[in-house]
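Worksheet: the structure to be examined is printed underneath.
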Amino acid sequence: QLRLVESGGGLAQPGGSLKLSCVVSGLPLEDYTIGWFRRSPGKDREAISCNSNYDRTISYADSVKGRFIIHRDNPKNMAYLQMNNLKPEDTAVYFCAATRSTGCLPSPASVLGRFETWGKGTQVTVSS
């Protein structure tokens with residue numbers, strides 16, 4: 001059974017960086033599409049990035065494009081979200097999720113409903 005565990009959250013200053021990790025266990029990561037999502041208080045869940053081994057596509061939400069980078073290390077069964085130039089509005093609980101046989105285009109939001117397995121999340125707070 002696939003299991004995902006996020007880590008790397010914490011407190012960062014505006015303009016700072018954090019790197020989130022997602023440990024995947026149970027099945028080979030190479031068979032899965034990975035997505036990163038976030039939920040802020042009072043807001044709907046936002047799909048922010050997607051990385052597909054299925055069709056080799058990557059996508060980002062406009063809110064993070066140019067600042068966040070998603071990447072994966074299939075042999076280590078790890079996925080990452082490098083977050084740079086953080087803003088207070090990036091404050092949220094961040095989740096990684098996985099699904100099979102799914103591309104990432106045209107956007108992460110377009111495939112949000114296809115993700116089947118979710119981690120429990122890690123809190124990111126951006127504040128001075």
Side-chain touch [X]/[Y], heavy atoms, less than 4.5 angstrom:
X     : Y      : result
Ser63 : Glu46  : yes
Met78 : Ser21  : yes
Tyr54 : Thr102 : no
Cys50 : Thr33  : yes
His71 : Asp73  : no
Gln82 : Ser17  : yes
Tyr94 : Leu18  : no
Arg38 : Trp36  : no

So, for [X] and [Y], which heavy atoms are closest and what is the spacing to 0.1 Å?
X      : Y      : answer
Ala61  : Ala47  : CB-O, 3.5 Å
Thr57  : Cys104 : OG1-N, 2.9 Å
Ile69  : Tyr60  : CA-OH, 3.4 Å
Phe95  : Gly119 : CD2-O, 3.5 Å
Thr125 : Gln123 : OG1-NE2, 3.4 Å
Asn85  : Arg67  : O-NH1, 3.0 Å

Could you go step by step and tell me if Arg100 and Asp31 meet the side-chain contact (heavy atoms from CB on, under 4.5 Å) rule?
CA-CA 7 Å; Arg100 303 187 71 161; Asp31 295 340; 3.9 Å; yes
Say whether, by atom type as modelled, one donor and one acceptor occur between the side chain of [X] and the main chain of [Y] under 3.5 angstrom.
X      : Y      : result
Asn77  : Leu29  : yes
Thr91  : Val126 : yes
Glu6   : Gly121 : yes
Thr122 : Gly9   : yes

Regarding Arg72 and Asn51, is there a side-chain donor-to-acceptor distance under 3.5 Å anywhere?
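Distance-only check passes for Arg72 and Asn51.
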Value rounded to 0.5 Å, distance of CZ in Arg45 from OG in Ser40
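Here the interatomic distance stands at 13.0 Å.
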Take Leu20 and Met83, measure what side-chain contact (heavy atoms from CB on, under 4.5 Å) needs, and give me the verdict at the end.
CA-CA 8 Å; Leu20 304 183; Met83 307 188 296; 3.8 Å; yes
Could you tell me whether Arg39 and Asp44 have a side-chain N and a carboxylate O separated by less than 4.0 Å?
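No, this pair does not count.
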Please name all residues satisfying side-chain contact (heavy atoms from CB on, under 4.5 Å) with Leu2, sequence neighbours left out, ordered by chain then number.
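So Leu2 forms a side-chain contact (heavy atoms from CB on, under 4.5 Å) with Leu4, Val24, Leu27, Tyr32, Ala98, Thr117.
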Could you work out, with salt bridge (Lys or Arg N to Asp or Glu O under 4.0 Å) as the rule, every residue matching Arg114, not counting sequence neighbours?
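By the salt bridge (Lys or Arg N to Asp or Glu O under 4.0 Å) rule, Arg114 matches no residue at all.
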The test is side-chain contact (heavy atoms from CB on, under 4.5 Å); show your working for Ser49 and Leu81 and say whether it passes.
CA-CA 8 Å; Ser49 188; Leu81 186 69; 4.2 Å; yes
Trp118 and Phe37: ring-ring contact (aromatic ring centres under 6.0 Å, His included), yes or no, with the steps?
CA-CA 10 Å; Trp118 294 76; Phe37 306 82; 4.6 Å; yes
Quick one: do Ile58 and Ile34 end up in the same hydrophobic cluster if we chain Ile, Leu, Val, Met, Phe, Trp and Tyr together by side-chain heavy atoms under 4.5 Å apart?
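In one cluster: yes.
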Do you reckon Ile48 sits in the same ILVMFWY cluster as Leu86, going by side-chain contacts under 4.5 Å, direct or chained?
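In one cluster: yes.
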Where at least one partner belongs to residues 54-63, residue pairs that pass salt bridge (Lys or Arg N to Asp or Glu O under 4.0 Å), sequence neighbours excluded
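Qualifying pairs: Asp62-Lys65.
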